[in-house]
Amino acid sequence: MPTPLRIAVLASGRGSNLAALIAARDAGTLPVEFVLVASDKASAGALRLAEAAGIPTLALNPKSYPDRPSFDRELFARVAASGADLLVLAGFMRVIDGAVVAKWEGRAINIHPSLLPKYPGLHTHRRCLEAGDAEHGASVHYVTAELDGGPVVAQARIPVGAGATEASLAERLLAEEHRLLPAVVGAIACGRLRWNGEALFDGQPVTTPLTVAQLS
Ligand code: GAR
């Protein structure tokens, strides 16, 4: 058996994307070992999910640090100490210091609820509705210093449809996120998706975001 990819997950909230990763691991379809789930919120549901799954957890309070870089340095030092090969940001709602994140180039991915480069930041579902878009979606990208700005490797798309609300869009999209993120992590775990100064899938540069079907 090849060594499973060691992953650390950062999450600020409920943790449904973390739950999807754990479920895929438990189903035997995702060859990963969870080495750490860390949060900037001690009350995050993601931490409770991790505890229940027997995964080491860490909560660090940003208010205990003099500034953002100090917090980020400590958090990422703890991630590095966990032995993670890959860092997965799954609902981690903080901007990360550029110098800190630079050390994780090609080893950290983030899931974001929009068709990037559209709508980085917050309130993506509302902004999609306000723009009158026919289509919405979620993206997984490699993390860079720019907020939600690194190279996109995969996307899932849904039609907005008549009568969609912010809540209904968020709910429908979340179901897609729960397929997309495990598919991307799985492709990294089996070596089909890798970083060599740029994202490569089956040895070819990723010029158009991959779909779940392509990744599976
Ligand atoms: C997800 O929709 C994720 O795409 C989003 O936060 C939510 C976390 O949900 N991430 C961002 O907005 C990052 N910019 P979860 O805690 O249930 O996985």
Side-chain angles (χ1 to χ4, degrees), residues 5-13 15-18 20-21 30 32 34-41 44 46 50 58 60 62 65 67-122 124 137-156 173 177-178 180-189 191-201 205-210 215:
L5 185 78
R6 288 168 301 194
I7 65 172
V9 177
L10 297 185
S12 300
S16 70
N17 277 291
L18 169 66
L21 292 172
L30 188 61
V32 298
F34 293 88
V35 292
L36 181 69
V37 171
S39 184
D40 56 322
K41 300 240 174 350
L58 169 71
L60 291 182
Y65 297 81
D67 52 28
R68 187 154 58 80
S70 322
F71 172 79
D72 291 347
R73 277 195 295 274
E74 174 68 15
L75 177 61
F76 278 68
R78 302 284 287 266
V79 169
S82 75
D85 303 307
L86 177 73
L87 175 59
V88 180
L89 274 54
F92 187 63
M93 303 307 281
R94 287 177 59 84
V95 175
I96 303 161
D97 179 71
V100 173
V101 103
K103 295 193 181 129
W104 283 80
E105 184 191 287
R107 295 187 294 144
I109 58 171
N110 178 44
I111 184 157
H112 181 74
S114 78
L115 291 172
L116 291 170
K118 277 189 168 181
Y119 317 132
L122 299 174
T124 58
S139 305
V140 175
H141 64 92
Y142 280 99
V143 177
T144 61
E146 192 188 338
L147 176 69
D148 300 324
V152 174
V153 288
Q155 285 181 330
L173 187 59
E177 292 186 40
H178 296 165
L180 184 65
L181 187 58
V184 174
V185 174
I188 294 172
R192 291 187 74 190
L193 180 61
R194 63 190 181 85
W195 180 265
N196 186 15
E198 63 181 341
L200 300 174
F201 184 64
V206 178
T207 50
T208 310
L210 300 160
L215 288 162

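Closest heavy-atom contact between His112 and Gly121: CE1-O, 3.1 Å. Minimum interatomic distance between Ala46 and Ala11 (heavy atoms only, all atoms of both residues): CB-CB, 3.5 Å. Across all non-hydrogen atoms, the minimal contact from Ala44 to Ser39 is CB-OG, 3.4 Å. Here the closest non-hydrogen pair linking Thr144 and Gly149 is OG1-C, 3.9 Å. Heavy atoms only, all atoms of each residue included: Val184 and Ala154 are closest at CG2-CB, 3.6 Å. Nearest heavy-atom pair, Ala199 versus Tyr142, reported as atom, atom and distance to 0.1 Å: CB-CE1, 3.8 Å.
Looking at heavy atoms from C-beta onward, Leu210 lies in side-chain contact with Phe201 at the 4.5 angstrom threshold. Counting only heavy atoms from C-beta outward, the side chains of Ile188 and Leu5 approach each other to under 4.5 Å. For the pair Leu215 and Val153, the minimum side-chain heavy-atom distance is 4.5 Å or more. The shortest distance between side-chain heavy atoms of Arg192 and Leu200 does not fall below 4.5 Å. Side chains of Leu60 and Tyr65 form a contact here, defined as non-hydrogen atoms less than 4.5 Å apart. The shortest distance between side-chain heavy atoms of Leu193 and Val206 falls below 4.5 Å.
Partners of Pro120 under the side-chain contact (heavy atoms from CB on, under 4.5 Å) rule, at least two apart in sequence or in another chain, are Leu116, Arg127, Asp148. Listed by chain and number, the residues in a side-chain contact (heavy atoms from CB on, under 4.5 Å) with Leu173 are Pro113, His125, His136, Ala138, Ile158, Glu176, Glu177 (sequence neighbours excluded). When the side chain to side chain donor-acceptor pair (under 3.5 Å) test is applied to Asp72, no partner is found at least two apart in sequence or on another chain. In this structure, the side-chain contact (heavy atoms from CB on, under 4.5 Å) partners of Ala38, at least two apart in sequence or on a different chain, are Leu10, Leu36, Leu58, Leu75. The side-chain contact (heavy atoms from CB on, under 4.5 Å) test applied to Glu105 returns Trp195, not counting sequence neighbours. Contacts of Arg68 classified as salt bridge (Lys or Arg N to Asp or Glu O under 4.0 Å), with partners at least two apart in sequence or in another chain: none. Remark: Trp104 engages no residue in a side chain to side chain donor-acceptor pair (under 3.5 Å) (not counting sequence neighbours). Listed by chain and number, the residues in a side chain to side chain donor-acceptor pair (under 3.5 Å) with Thr124 amount to none (sequence neighbours excluded). Considering only residues two or more places apart in sequence or on other chains, Phe34 meets the ring pair (Phe, Tyr, Trp, His ring centres under 6.0 Å) condition with none of them. Checked against side chain to side chain donor-acceptor pair (under 3.5 Å), Ser16 has the following partners two or more places apart in sequence or in another chain: His178.
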Inset, instruction - Assess whether side-chain contact (heavy atoms from CB on, under 4.5 Å) is satisfied between Phe76 and Leu87, documenting all intermediate values. - result: CA-CA 10 Å; Phe76 278 68; Leu87 175 59; 3.4 Å; yes
Can you list, pair by pair, the side-chain donor-acceptor contacts under 3.5 Å of residues 94-103, counting residues two or more places apart and other chains?
unit_1, atom_1, unit_2, atom_2, d
Asp97, OD2, Ala99, N, 3.2
Asp97, OD2, Val100, N, 3.2

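Ser139 places a side-chain N or O within donor-acceptor distance of the main-chain N or O of Ser114, the cut-off being under 3.5 Å.
Rounded to the nearest 0.5 Å, atoms CD (Gln155) and NE2 (His141) are 10.5 Å apart.
Pairs of residues two or more places apart, or lying in two chains, that qualify as side chain to side chain donor-acceptor pair (under 3.5 Å) and include a residue from residues 73-92 are Arg6-Asp85, Glu74-Arg78.
Applying side chain to side chain contact (heavy atoms under 4.5 Å, CB included) to Val140 and the options Val152, Leu89, Leu181 leaves one that passes, Leu181.
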